[in-house]
Amino acid sequence: MDLRYEAYCFADRLFYDVQSHAETAEDDFSQVLPALPDGWTQGDRNIWRHVHPDGVVLPKQGWKVHVSATVLNAGEVLRKSYEYLIARRIPFKYLRTQSIVLARNSKYAPREGSGKLITIYPADDAELESTLVELSEILKGFSGAYILSDLRYGAGPLFVRYGGFVEQWLERDGKRVLAIEGPDGALVPDQRKPTFWVPDWVKLPACLEEHLAARRTGDADAFPYRVVQSLHFSNGGGVYEAVRKADDRPVVLKEARPHAGLDRDNVDAVARLRREHAMLSKVAGVPGVPEVHEHFTAWEHEFVAMSRVSGRPLGQWLGNNYPLTHHEVTDEEITAYTQRALELVAEVERIVHAVHERGVVFCDLHPLNILVDDDDAVSLIDFELAFAVEENGKPTLGSPGFQAPPDRTGFEIDEHALAAVRLYVFLPLNAVIDLAPSKLRSHVDFIQRRFGLPDEYCAKILDVLTRRDVPAGHTTTALDVPEPDWQVVRKSIAAGILASATPHREDRLFPGDVEQFEVGGTGFGYGAAGVLHALHVTGMGRYPEHEQWLLDAVRREPPKEPGFFTGAHGIAHVLENFGHHDLAEELVRSYAQVLPDTRDHGLSAGLAGIGLNLLHFAGTRADDTYATQALELGERLGTALADAEPPGPKARAGFEHGWSGPALLFLRLFQHTDDRRWLDLGARALERDLAETMTALDGSTQVRDGNFRTLPYVGVGSAGIALVLNEFRLAAPDLPVVERLPELVGGTTGEFVIQPALMLGRAGLLATLAHANGPRHAIDRHLAALSWHAVPYQEGLAFPGIQLRRLSMDVDTGSAGVLLALGAALDGTPVLPFLTAPALPDR
């Protein structure tokens, strides 16, 4: 689970966004700070406000100081620190608003950034020492969350780590990571993990030696448990499998960090852990509930020990047993699953109602807190939000699609979640209902029809989950009819995309995935270039005002990297096709100098996508210099393929990040040169990706991710391999590797797909079937099931992005990608650049 998404859910109910765009003037810390004196400049960048004295030049990296604070004392801590740093002309940055402080310290915020309110940039070790000594005295007595990535200075809110002062970037495993310079000047990752780390070549300043020694003197022998393994981490603490030293009793340990893991009411993880201990004591003896043991404090953190409960989360159980993910399913399998799921739901209800008999509201019922063992026995875990019914509590945290609305109280809170579980086990798209309550009826109608569920079962879901606090509005989409008019559907998707545009913002034009805040809002995969491309090639039009935004944005802040989906080459591709030739050429030429440092082989951010775009430019401009550059990149990729390591446990094979991208470049180089060597390299690259596949539970071939999970998707998964393998089928059908195509296509036909996205969802499977001339019934089934995710938006419709928490309009994860897939399936338009137009089967 990518915890970044939670942090981007605070700002807006419909779209992933940075907190700075949701702040109010009253919330801004500038309200409590003195005016900035002459000789200083400041500027805002996302959630941070940078403050710098004129004429002070900092090194690229060094020892930085972080000041921690709580939400309640942040204003005072900032004011005192601000006055000190201004007087001594030391550069710094601080979080702009109190709401950002809350978001950065919330339960699912990234742990490595938790606690940080201010970052200070001392010029050298002498200034580091004086700052720590003097500021620690000024801030004596103030508390804040422990900053896990840092070394604590004394007992106060100051922490230290070595790292970059300016942004430098490096590629690692297909992603851009912040970097620092090693002793030889080469860039190495600036490690930002929740542990203190010092580069090998850096000497610890003398002023920090006693504090590092103090950190190391924690008495592990005195800790009453021996930790066997970690099970889960959040910003609030960890969950561990452990053994009690006194009697070798196996337990689960829950850890809580003070001032961290906040909910929206500013309640921290420690308060919730104490509540969990109290509530577990209150329900002691209820079958299916862990037995609670001791509650103790160690190393400033609090712990609760409880009995270990067997089983796996309900979501994992569903992943292994839900029949609609299989490419073929019989009526008998549907009937057997239905009976099993109904019995499982009845067990969950039994436990929840037994908890109610003890006067406790569980308040956090969702799939991660329901464990199912091999015999389908059920247990409930995680009572940290539970409360005695007489307290009249309200949920302040909760899982999307399961958290009760504000108008539910007492046991009604759990009844709402139970109804959500009843729906989830037959159609696990509850988060979509959270985004659009109007989808509830169609989802319930589907599960009743598909699984033959009793009327009373479905009526209870509708009765409990129907929102009483949501006014009636636009409730249907062009997809919510038995036989949609596909031209109307596409126009409705385009209308939703255009309605979401924010030309007044400089950081992004169309809301999309959280990745746009890392790589920028102009690119092909996550930004404006890809969206405008999708609208154009699917016949939805050109929009000069939005093209002008893209031109202005690229000139104002050039892309951070050269890659096709994530940087300059994807933007240049779109601009070239739109006739903006000068800027397109400028982008390609200006990033040529960084290509020698590019090591990523993939199509998304690496050499494969760049090489394919260079071949495209060679064609549009009749200029062989671009082809020569593409050939050079092909040679580098051929060498890298020969030296490639064996597949690891984490899946990478597929269209965006695997060797299928280089395989496509090798194929196009073969077609450009007629040199058979490139074709052979392409086959070897495909075989390298195929080495990451396995037989899935339904018998299809999919990409292996870990020991049990398999992926059928385009970005990472078997459909991405199939898209490229289909190009080889068209160009060189006699190659032995082409024989693997049917087994990959088999993995794209399942009825249920959790996300609608092009790269990691249904749209990609639909497009793959269209390109590979897959079975028509499977294409039609995917087309019909797009309605499960279609959400009314303005006068059109939109689709949720990754994790289904918010809507997305981009190519990789959102509506633009769905639009491209529809173009492939209905019109024979290539779903993505560099692919051959699909030959549509007869309907």
Side-chain angles (χ1 to χ4, degrees), residues 45 48-53 55-69 77-78 80-82 84-95 104 110-140 142 144-170 177-217:
R45 184 169 184 183
W48 295 99
R49 179 164 292 138
H50 296 253
V51 186
H52 196 95
V56 173
V57 179
L58 285 176
K60 292 181 179 179
Q61 60 201 51
W63 289 96
K64 59 178 74 173
V65 178
H66 290 121
V67 183
S68 181
V77 169
L78 177 56
K80 289 178 175 290
S81 302
Y82 180 96
Y84 172 84
L85 296 167
I86 293 293
R88 286 155 184 79
R89 293 182 59 77
I90 302 174
F92 63 100
K93 68 178 181 180
Y94 64 89
L95 296 178
R104 295 272 292 187
R111 297 164 63 219
E112 63 272 16
S114 177
K116 298 174 185 176
L117 171 67
I118 309 168
T119 303
I120 303 168
Y121 302 100
D124 50 34
D125 286 1
E127 190 165 77
L128 170 72
E129 181 174 7
S130 62
T131 299
L132 289 169
V133 170
E134 295 165 5
L135 195 55
S136 63
E137 187 64 28
I138 293 170
L139 298 179
K140 182 181 292 185
F142 286 98
Y146 197 107
I147 300 175
L148 297 174
S149 60
D150 290 23
L151 173 65
R152 189 175 194 168
Y153 184 84
L158 299 186
F159 297 80
V160 185
R161 71 177 289 266
Y162 188 91
F165 286 9
V166 298
E167 281 192 6
Q168 299 185 89
W169 297 91
L170 182 67
V177 297
L178 286 163
I180 55 178
E181 292 182 359
D184 59 356
L187 293 179
V188 298
D190 184 359
Q191 294 192 22
R192 299 186 175 213
K193 299 179 180 179
T195 53
F196 179 60
W197 166 80
V198 182
D200 294 340
W201 68 91
V202 174
K203 179 177 173 56
L204 189 79
C207 65
L208 299 179
E209 290 176 355
E210 65 176 283
H211 305 280
L212 181 59
R215 180 188 178 102
R216 291 171 172 168
T217 56

For a quick test of reading the model, state the closest non-hydrogen atom pair linking [X] to [Y] and the distance between them.
X: Leu58; Y: Ala123; result: CD2-CA, 4.3 Å
X: Leu158; Y: Ser136; result: CD1-N, 3.5 Å
X: Pro189; Y: Ile180; result: O-CG1, 4.3 Å
X: Ser81; Y: Leu139; result: OG-CD1, 3.6 Å
X: Leu117; Y: Trp48; result: O-CZ3, 3.6 Å
X: Gly163; Y: Lys64; result: C-CE, 4.0 Å

State plainly whether the residues Arg152 and Asp150 are in salt-bridge range, i.e. N to O under 4.0 Å. no
Are any of the side-chain heavy atoms of [X] and [Y] separated by less than 4.5 Å?
X: Asp190; Y: Val177; result: no
X: Tyr153; Y: Val65; result: no
X: Phe165; Y: Pro59; result: yes
X: Phe196; Y: Val198; result: yes
X: Arg88; Y: Glu134; result: yes
X: Leu135; Y: Val67; result: yes
X: Phe92; Y: Thr119; result: no
X: Lys116; Y: Ser149; result: yes

Can any side-chain N or O of Ser130 pair as donor or acceptor with the backbone N or O of Glu127 at less than 3.5 Å? yes
Arg111 side chain vs Ser114 backbone, donor-acceptor pair below 3.5 Å: no
Name each donor-acceptor pair under 3.5 Å that joins a side chain in residues 199-211 to protein atoms two or more places apart or in another chain, with its distance.
unit_1	atom_1	unit_2	atom_2	d
His211	ND1	Gly154	N	3.0

At what distance, to the nearest 0.5 angstrom, does [atom1] of [X] lie from [atom2] of [Y]?
X: Tyr84; Y: Ile138; atom1: OH; atom2: CD1; value: 6.5 Å
X: Lys93; Y: Ile120; atom1: NZ; atom2: CD1; value: 12.0 Å
X: Trp197; Y: Arg161; atom1: CH2; atom2: CZ; value: 7.5 Å
X: Arg192; Y: Leu178; atom1: CZ; atom2: CG; value: 4.5 Å
X: Asp124; Y: Glu129; atom1: CG; atom2: CD; value: 10.5 Å
X: Thr131; Y: Leu85; atom1: OG1; atom2: CG; value: 7.0 Å

For Lys140, side chain to side chain donor-acceptor pair (under 3.5 Å) partners two or more places apart: Glu137
By side chain to side chain donor-acceptor pair (under 3.5 Å), which residues pair with Glu181, not counting sequence neighbours? Lys60
Apply side-chain contact (heavy atoms from CB on, under 4.5 Å) to residues Gln168 and Gln61 and explain how you reach the verdict. CA-CA 10 Å; Gln168 299 185 89; Gln61 60 201 51; 4.2 Å; yes
